[in-house]
Trainee: 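Have a look at this one.
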Amino acid sequence: MDMKARVAAHLLTTLHTAFGDAATDADALKNLLEVPPDRAMGDYAFPCFTLAKALRKGPPMIAQALADAWQPCDFAQAACVNGYLNFFLDREQLARETLSAVLAAPGKWGSTDQGAGRTVCLDYSSINIAKRFHIGHLSTTMIGHSLRRIYQHLGYNTVGINHLGDWGTQFGKMICAYKRWGTKEQVEAGGVDALMALYVRFHDEAEKDPALEDEGRAWFKRIEDGDPQALDIFNWFKQLTLTDAERVYSILGVTFDSYAGESFYNDKMDRVVTELREKGLLVESQGAYVVDLEAYKMPPCIILKKDGATLYATRDIAAAIYRHDTYDFAKSLYVVAYQQDLHFRQVFKVIELMGYDWHASLEHVAFGMISYEGQTLSTRKGHVLYLEDVLRRATEKALAIIEEKSPGLENKPEVARQVGIGAVIYADLQNNRIKDIDFWWDRALNFDGETGPYVQYTHARCCSVLRKVTGELAVTDWAALADDEAQMVLLLLSRFPDVVQEAALRNEPSMITRHTTLIAQAYNKFYYEHRILDDEPGTVAARVMLTKAVQDVIKTGLYLVGIEAPERM
RNA sequence: GUACCUGUAGCUCAGUUGGAUAGAGCGUCAGACUCCGACUCUGAAGGCCGAAGGUUCGAAUCCUUUCAGGUACGCCA
């Protein structure tokens with residue numbers, strides 16, 4: 001049991017003593033405990049205001065009564081101030097318990113088995129065929145990747161799904177362009193860029209010769225009908241795109257369990273349409289078939305076009321059902337930009353109306369738009385920023401700093417990659433995901449202050465200190481960690497598991513990014529105020545333990561948001 | 001027009017289910033390396049939490065109205 005839980009349990013006993021029956025339990029009480037704004041007020045506090053009505057007493061009186069009834073114990077003291085009962089954790093106990101717990105299982109701090117036997121599906125990244133990976137894909141990729149690691153940390157089985165955008169008439173047009181103007185060698189050499197060039201040329205030529213549009217549609221029809229030649233070319237284009245994306249994924253360390261994209265669901269939509277019809281949800285409207293959602297203050301969800309063809313929503317409903325059938329998920333998350341908010345609200349509602357009780361486990365994890373130096377990204381206008389360029393420049397910047405500050409470092413290119421990429425990922429996962437991001441080079445390449453490299457630096461610094469420890473450590477003098485700076489570090493370490501919980505609950509990786517940064521800041525302050533290796537043996541042992549714990553938790557925190565933690569940089 | 005999201009320091013943003021004196025980084029100014037890694041640390045300046053009402057013992061947080069910006073709204077995905 002952690003210190004906070006022990007305080008809550010003891011507070012429960014105290015409530016019984018002071019006021020007889022207390023209609024609550026220790027868990028509920030633990031949630032009522034809060035962190036005072038200033039550490040001088042205590043480590044945790046219980047606001048007595050909520051009890052005022054039930055007990056018909058003023059909050060200060062309640063706090064006083066609780067303080068009087070508080071039985072001395074070895075882990076915390078209590079004091080009342082202005083209607084709050086403030087708790088001061090025993091400093092030695094906090095040090096002993098926190099560090100023992102962290103160091104008992106390296107890399108596991110904050111992990112649980114609460115998700116054992118349960119599966120979370122995560123739909124993220126979801127790239128389009130024949131398009132290059134650009135900065136706009138970063139958020140979905142990294143938020144999804146991070147959430148996946150967070151859920152794994154909590155014992156869940158996870159399924160990472162890259163829902164490929166691999167269906168639509170544009171692919172018929174692309175084949176048409178390839179057949180007319182492309183060559184195998186040229187496309188093999190140029191990859192996705194060559195495909196893009198063909199697509200652009202198609203549009204230019206089609207303006208002069210509208211017949212091309214029909215030719216493109218005809219090629220798409222051949223894909224739909226399973227024509228071998230069309231499928232071969234299409235699958236080849238698909239492979240080229242995946243190879244291109246895989247290069248970026250491998251730099252970022254991102255992986256998937258499934259690449260089942262839009263085309264995968266082609267033969268799974270009839271069932272949805274039939275089912276909707278049987279359940280009386282499908283109504284004819286202006287020639288199309290829709291599910292009316294007026295009762296829920298939403299526009300109708302279009303299932304079938306006038307020509308009988310299916311749509312995006314049809315496909316997503318089929319995909320949701322397929323995923324539930326296949327993975328029996330406890331949660332299914334869609335890491336998709338907020339522009340699609342209405343779409344997902346409609347889809348989820350239709351699934352609810354179909355009578356599937358698991359509709360409540362579907363969640364749209366929305367995130368903000370990314371723009372580039374104040375302007376909306378636009379491939380057509382040439383205002384694009386490819387992710388590889390961003391990662392490359394960040395790596396170059398990191399390498400330049402390494403050359404300047406640690407010229408003797410081994411493995412410089414690899415470390416530069418870790419640091420440069422760390423800066424980019426950190427910037428993406430630093431703030432609440434709903435915020436729009438405007439990308440500026442100078443901001444992305446800033447390595448000072450609250451940045452990935454700052455946190456990585458602190459980790460490397462811990463590693464450096466630990467490397468200098470020689471021989472056996474003496475018996476730990478926990479009391480040596482009673483100073484304010486060490487205590488701040490310990491408190492933050494002790495709260496890390498709660499932060500992981502909250503991050504999962506809110507599907508918000510930034511909570512972990514920020515808390516990990518707080519730990520780094522607190523440790524750097526501690527580092528400046530205290531000598532670690534030159535002191536009494538028992539004190540050295542204690543400070544080394546603290547350093548080891550900080551190193552481990554920072555590494556875990558960074559891992560959970562998808563950032564590597566080099567030991568030297 | 002309707003729905004959703006966002007307005008907190010010059011800039012970028014934190015701020016837990018309402019709680020004590022609203023915080024951090026960047027930038028600015030002033031400091032700290034004969035010492036375990038200065039990609040570090042200390043200090044200063046900087047605020048009508050978009051605005052107005054309301055609920056409450058208590059509101060940046062909840063409700064209403066309103067202003068500003070963004071996004072989405074039937075046959076694309």
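All values derive from a computational prediction rather than experimental measurement. Proteins get letters first, then strands, A, B, ... in listed order; numbering begins at 1 in each.
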Trainee: One character per nucleotide, please: for nucleotides 30-37 of chain B, 5' to 3', B when the base has a protein heavy atom closer than 4.0 Å, S when only the sugar-phosphate does, - otherwise.
Mentor: -----BBB

Trainee: Considering every strand and a 4.0 Å limit on heavy-atom distances, what is the contact class for Ser285(A): base, sugar-phosphate, or nothing?
Mentor: base

Trainee: Which part of the nucleic acid does Asn86(A) contact within heavy-atom distance under 4.0 Å: base, sugar-phosphate only, or nothing?
Mentor: base

Trainee: Does G37(B) adopt a syn or an anti glycosidic conformation, taking syn as a chi angle within 90° of 0?
Mentor: anti

Trainee: Could you check how far CD of Gln430(A) sits from P of C26(B), rounded to whole Å?
Mentor: 11 Å

Trainee: Please report whether the ring centroid of Phe87(A) lies less than 6.0 Å from that of Tyr44(A).
Mentor: no

Trainee: State which of C41(B), A20(B), C26(B) makes the closest approach to the side chain of Glu34(A).
Mentor: A20(B)

Trainee: Is there a side-chain polar atom (N or O) of Tyr426(A) under 4.0 Å from OP1 or OP2 of G25(B)?
Mentor: no

Trainee: If every non-hydrogen atom of His364(A) is compared with every non-hydrogen atom of Val336(A), which pair is closest and at what distance?
Mentor: NE2-O, 2.8 Å

Trainee: Is U71(B) paired to anything, Watson-Crick or G-U wobble with both distances less than 3.5 Å, and if yes, which nucleotide?
Mentor: A3(B)

Trainee: Can you tell me how far P in U40(B) sits from the matching atom in A45(B), rounded to whole Å?
Mentor: 23 Å

Trainee: Could you work out the separation of U61(B) and G53(B) based on their P atoms and round it to a whole Å?
Mentor: 14 Å

Trainee: Give one of base, sugar-phosphate or nothing for Ala45(A), where a contact means two heavy atoms less than 4.0 Å apart.
Mentor: base

Trainee: Report the C-alpha separation of Arg217(A) and Asp214(A) in whole Å, then their side-chain angles, then the decisive distance to 0.1 Å, and conclude whether the salt bridge (charged side-chain N to carboxylate O under 4.0 Å, His left out) test is met.
Mentor: CA-CA 5 Å; Arg217(A) 268 191 287 273; Asp214(A) 290 334; 3.0 Å; yes

Trainee: If we call it a pair only when both distances are under 3.5 Å in a Watson-Crick or G-U wobble match, what pairs with G37(B)?
Mentor: none

Trainee: State the pairing partner of A45(B); accept Watson-Crick or G-U wobble contacts with both distances under 3.5 Å, and report none otherwise.
Mentor: none

Trainee: Can you figure out which of U12(B), C41(B), C39(B) approaches the side chain of Asn431(A) most closely?
Mentor: U12(B)

Trainee: Between A24(B) and G43(B), how many Å separate the two C1' atoms, rounded to a whole number?
Mentor: 16 Å

Trainee: One thing to verify: whether Arg323(A) and Asp123(A) come together as a salt bridge, which I'm taking to mean a side-chain N less than 4.0 angstrom from a carboxylate O.
Mentor: yes

Trainee: Counting the benzene-type ring for Trp, do Trp167(A) and Tyr312(A) have ring centres under 6.0 Å apart?
Mentor: no

Trainee: Strictly below 4.0 Å: does Asn432(A) bring a side-chain N or O up to OP1 or OP2 of A14(B)?
Mentor: yes

Trainee: How is Tyr454(A) classified with respect to the nucleic acid when contacts are heavy atoms under 4.0 Å: base, sugar-phosphate, or nothing?
Mentor: sugar-phosphate

Trainee: With both distances kept under 3.5 Å, what pairs with C26(B), Watson-Crick or G-U wobble?
Mentor: G10(B)

Trainee: Using a 6.0 Å distance limit plus a 45 degree cone around the ring axis, check whether Arg543(A) lies over the aromatic ring of Tyr527(A).
Mentor: no

Trainee: Rounded to whole Å, how long is the line connecting atom CG of Asp484(A) with atom C1' of U42(B)?
Mentor: 16 Å

Trainee: Output the rounded distance in Å from CG (Asp438(A)) to P (G70(B)).
Mentor: 13 Å

Trainee: For Ala520(A) and for Met369(A), locate the closest nucleotide of RNA chain B by heavy-atom distance; then report the residue assigned to the nucleotide nearer the 5' terminus.
Mentor: Ala520(A)

Trainee: Look at the side chain of Gln286(A) and decide which nucleotide, out of G74(B), C39(B), U12(B), has an atom nearest to it.
Mentor: G74(B)

Trainee: For the C1' atoms, the ones on G10(B) and on C62(B), what distance do you get once it is rounded to whole angstrom?
Mentor: 32 Å

Trainee: Parallel under 30°, tilted from 30 to 60°, perpendicular over 60°: which one fits the rings of His134(A) and His137(A)?
Mentor: tilted

Trainee: Closest nucleotide of RNA chain B for Val81(A) versus for Arg443(A): which of these residues is on the 5' side?
Mentor: Arg443(A)

Trainee: C13(B) and U6(B): how far apart are their P atoms, nearest whole angstrom?
Mentor: 13 Å

Trainee: Taking C-beta and beyond as the side chain, do His163(A) and Tyr265(A) meet within less than 4.5 Å on heavy atoms?
Mentor: yes

Trainee: For C57(B) and G50(B), measure between their C1' atoms and round to the nearest Å.
Mentor: 28 Å

Trainee: Heavy atoms under 4.0 Å, any strand shown: does Gln339(A) hit a base, just sugar-phosphate, or nothing?
Mentor: sugar-phosphate

Trainee: Between Arg506(A) and Glu502(A), is there a side-chain N and carboxylate O pair less than 4.0 Å apart?
Mentor: yes

Trainee: For the pair made of NE2 in His343(A) and P in C75(B), what is the distance, rounded to whole Å?
Mentor: 15 Å

Trainee: Which is true for Pro300(A) with a 4.0 Å heavy-atom rule: it touches a base, it touches only sugar-phosphate, or it touches nothing?
Mentor: base

Trainee: Just checking Asn82(A): base, sugar-phosphate only, or nothing, at a heavy-atom cut-off of under 4.0 Å?
Mentor: nothing

Trainee: Regarding A77(B), can its base be found pairing with the side chain of Asp316(A) as donor and acceptor, where the two atoms are less than 3.5 Å apart?
Mentor: no

Trainee: What integer number of Å spans the P atoms of G1(B) and U8(B)?
Mentor: 25 Å

Trainee: When the distance from CG of Leu342(A) to P of C76(B) is rounded to whole Å, what number comes out?
Mentor: 16 Å

Trainee: Among A14(B), C11(B), U71(B), find the nucleotide with the atom closest to the side chain of Arg514(A).
Mentor: A14(B)

Trainee: At under 4.0 Å between heavy atoms, how does the protein contact nucleotides 1-6 of chain B? Give one character per nucleotide, 5' to 3', with B, S or -.
Mentor: --SSSS

Trainee: Whole-Å distance between C26(B) P and Trp440(A) CH2?
Mentor: 20 Å

Trainee: If you check every side-chain atom of Pro453(A), which of A72(B), C39(B), U40(B) has the closest atom?
Mentor: C39(B)

Trainee: If A51(B) has a Watson-Crick or G-U wobble mate with both distances under 3.5 Å, name it; if not, just say none.
Mentor: U65(B)

Trainee: With C1' as the reference atom in both, quote the distance from G18(B) to U28(B) in angstrom, rounded to an integer.
Mentor: 36 Å

Trainee: Report which part of the nucleic acid Leu311(A) touches: base, sugar-phosphate, or nothing (heavy-atom distance under 4.0 Å, all strands).
Mentor: sugar-phosphate

Trainee: Please evaluate residues Tyr454(A) and Asn524(A) with respect to the criterion side-chain hydrogen bond (donor to acceptor under 3.5 Å, both in side chains), reporting the C-alpha separation (whole Å), side-chain torsions for both, the decisive distance (0.1 Å), and the verdict.
Mentor: CA-CA 10 Å; Tyr454(A) 170 88; Asn524(A) 281 325; 3.0 Å; yes

Trainee: Measuring centre to centre across the rings, with the benzene-like ring taken for any Trp, is Tyr334(A) within less than 6.0 Å of Phe348(A)?
Mentor: yes

Trainee: Write down the atom of Trp219(A), the atom of Gly172(A), and the distance for their closest heavy-atom approach.
Mentor: CB-O, 3.4 Å

Trainee: In whole Å, what is the span from the NE2 atom of His364(A) to the P atom of A72(B)?
Mentor: 13 Å

Trainee: How close or far is atom C1' of C75(B) from atom CD of Glu284(A), stated in whole angstroms?
Mentor: 12 Å

Trainee: For Gln346(A) and Lys349(A), what are the C-alpha separation, side-chain angles and deciding distance, and is it a side-chain hydrogen bond (donor to acceptor under 3.5 Å, both in side chains)?
Mentor: CA-CA 5 Å; Gln346(A) 289 178 311; Lys349(A) 180 56 78 178; over 6 Å; no

